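What follows is a short report on a single structure.
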Amino acid sequence: MNAPMSNEHTCKNRASDFFRKYRHSLLFLYFAVYFPWFRWLETTVTSRFHVIHMAVDDLIPFIEYFIVPYLLWFFYVAAALFYFLFKNKEEFVRLCMFLFVGMTVFLIISTVYPNGHYLRPDTFERENIFTNLTCMVYEADTPTNLFPSIHVYNSIGVNIAILHCHNFKQKKPIRIGSCLLMVSIVLSTVFLKQHSVFDVITGIVFAAFMYTLVYARSAVRIGEAKTALSERARRV
């Protein structure tokens, strides 16, 4: 008679222990705001918008093979968030701050300044699995709400987090692989005609700005704290 109650009590304790240890996972509640807001933009910004275009956009060819790194972006960001969630709380919080601030700014810009482009090809020169996947992306994601490019911005943010985290200091293959994947994702946004070069530039500029706020300043504070501790140790 007591066994079911005991098991239930054990499960509750495990759940309580999990949330106590990983209560920073509550930051994921941000997506309860982001996704509805983004879907609302996708359904309202459809034809009447400010056109984003640069002359260099017309010189960039469509290359369907870049659909691979473009889709890997989803795994790249999700894998980084869950890794840091369980392995490094400080880096998880820092990465969330970086990503969520940028994503919020993106939503605000798209709301007050509806924007889009006409860069996508009407037809493809050939049909293969890569063009089929590109068609699926085109159908799911409208060519609106473009800058700063979240694909670009978040990829840079994840790469910064990986390079900054001490967990990967001695794991050169992961660091190099992250850099290569980040670059390929950034390139994919323009070669798939998902974004204008303008969106890429604004994503890079904003990522650089957020780096100074989230990572560079924290590094300075850590350095100052270590210096202060060293001085106290000498005095003792």
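Just so it is clear, the structure is predicted and the values come from calculations on it, not from any experiment.
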Checklist entry - Going by atom types alone, do E91 and H164 pair a side-chain donor with an acceptor below 3.5 Å? => result yes
Item to check | Pairing residues for F92 by the ring pair (Phe, Tyr, Trp, His ring centres under 6.0 Å) criterion, not counting sequence neighbours | outcome: H24, F28
Item to check | Candidate list I185, L99, I150, test side chain to side chain contact (heavy atoms under 4.5 Å, CB included), partner V77, passing option | outcome: L99
Checklist entry - Tell me the side-chain hydrogen bond (donor to acceptor under 3.5 Å, both in side chains) pairs involving residues 201-210, sequence neighbours left out? => result none
Next on the checklist: Could you measure the distance from the CZ atom of F66 to the CG atom of L71? Nearest 0.5 Å is fine.
Outcome noted: 13.5 Å
Checklist outcome for this item: Residue set satisfying side-chain hydrogen bond (donor to acceptor under 3.5 Å, both in side chains) with S178, at least two apart, ordered chain then number -> Y76, N159
Checklist entry - Which atom names give the shortest non-hydrogen contact between A161 and L95, and what distance separates them? => result CB-CD1, 4.0 Å
Item to check | side-chain contact (heavy atoms from CB on, under 4.5 Å) partners of Y30, counting only residues at least two apart | outcome: Y34, F100, M103, T104, L107
Checklist entry - Of all heavy-atom pairs between N145 and F106, which one has the smallest distance, and what is that distance? => result O-CE1, 3.2 Å
Checklist entry - Does any non-hydrogen side-chain atom of D199 lie less than 4.5 Å from one of T189? => result no
Item to check | Sub-6.0 Å ring centroid separation between H151 and F74 | outcome: yes
Item to check | Residue pair H166 / N88: nearest heavy atoms and the distance that separates them | outcome: NE2-ND2, 3.4 Å
Checklist entry - Considering only heavy atoms from C-beta outward, does the side chain of S155 approach that of W73 to under 4.5 Å? => result yes
Next on the checklist: Return the CD1 to CE distance between I162 and M182, rounded to the nearest 0.5 Å.
Outcome noted: 10.5 Å
Next on the checklist: Does Q194 form a side chain to side chain contact (heavy atoms under 4.5 Å, CB included) with Y138? I'd like the steps, not just the answer.
Outcome noted: CA-CA 8 Å; Q194 278 290 84; Y138 281 4; 3.4 Å; yes
Checklist entry - Which side-chain hydrogen bond (donor to acceptor under 3.5 Å, both in side chains) pairs, counting each pair once, include a residue from residues 53-64, with sequence neighbours left out? => result H53-D58, D57-S196, E64-R126, E64-N128
Checklist entry - Can you list the other members of the hydrophobic cluster that holds L29, where links are side-chain heavy atoms under 4.5 angstrom apart? => result L26
Checklist entry - Nearest 0.5 Å, what's the OH-CG distance between Y113 and L146? => result 10.5 Å
Item to check | Residues forming a side-chain contact (heavy atoms from CB on, under 4.5 Å) with V205, sequence neighbours excluded | outcome: I201
Checklist entry - Of all residues at least two apart in sequence or in a different chain, which pass the side-chain hydrogen bond (donor to acceptor under 3.5 Å, both in side chains) check with R175? => result none
Checklist entry - Mind checking what makes side-chain contact (heavy atoms from CB on, under 4.5 Å) contact with N132, not counting sequence neighbours? => result E127
Checklist entry - Should T144 and N115 be marked as a side chain to side chain contact (heavy atoms under 4.5 Å, CB included) after you check the CA-CA gap, both sets of side-chain angles, and the distance that decides it? => result CA-CA 6 Å; T144 58; N115 57 87; over 6 Å; no
Next on the checklist: Using the rule given for side chain to side chain contact (heavy atoms under 4.5 Å, CB included), can you reason through F168 versus Y83, listing the C-alpha separation, both sets of side-chain angles and the distance that settles it, and then say yes or no?
Outcome noted: CA-CA 12 Å; F168 301 108; Y83 175 86; 3.4 Å; yes
Next on the checklist: Measuring from atom CD1 of I174 to atom SG of C179, what distance do you get when rounded to the nearest 0.5 angstrom?
Outcome noted: 12.0 Å
Item to check | R23 backbone acceptor or donor facing K89 side chain under 3.5 Å | outcome: no
Item to check | Contacts of type side-chain contact (heavy atoms from CB on, under 4.5 Å), residue V33, not counting sequence neighbours | outcome: W37
Item to check | Residues which pass side-chain hydrogen bond (donor to acceptor under 3.5 Å, both in side chains) with S188, listed by chain and number, not counting sequence neighbours | outcome: none
Next on the checklist: With rounding to the nearest 0.5 angstrom, report the CZ to CG distance, F130 to L192.
Outcome noted: 11.5 Å
Item to check | Pair F62-F191, side chain to side chain contact (heavy atoms under 4.5 Å, CB included): steps then yes or no | outcome: CA-CA 5 Å; F62 170 82; F191 282 112; over 6 Å; no
Checklist outcome for this item: Grouping ILVMFWY residues whenever side-chain heavy atoms fall under 4.5 Å, the cluster of L180 otherwise contains I176
Checklist entry - Are the side chain of H117 and the backbone of I52 linked by a donor-acceptor contact shorter than 3.5 Å? => result no
Item to check | Pair F206 and Y153, ring centroids less than 6.0 Å apart | outcome: yes
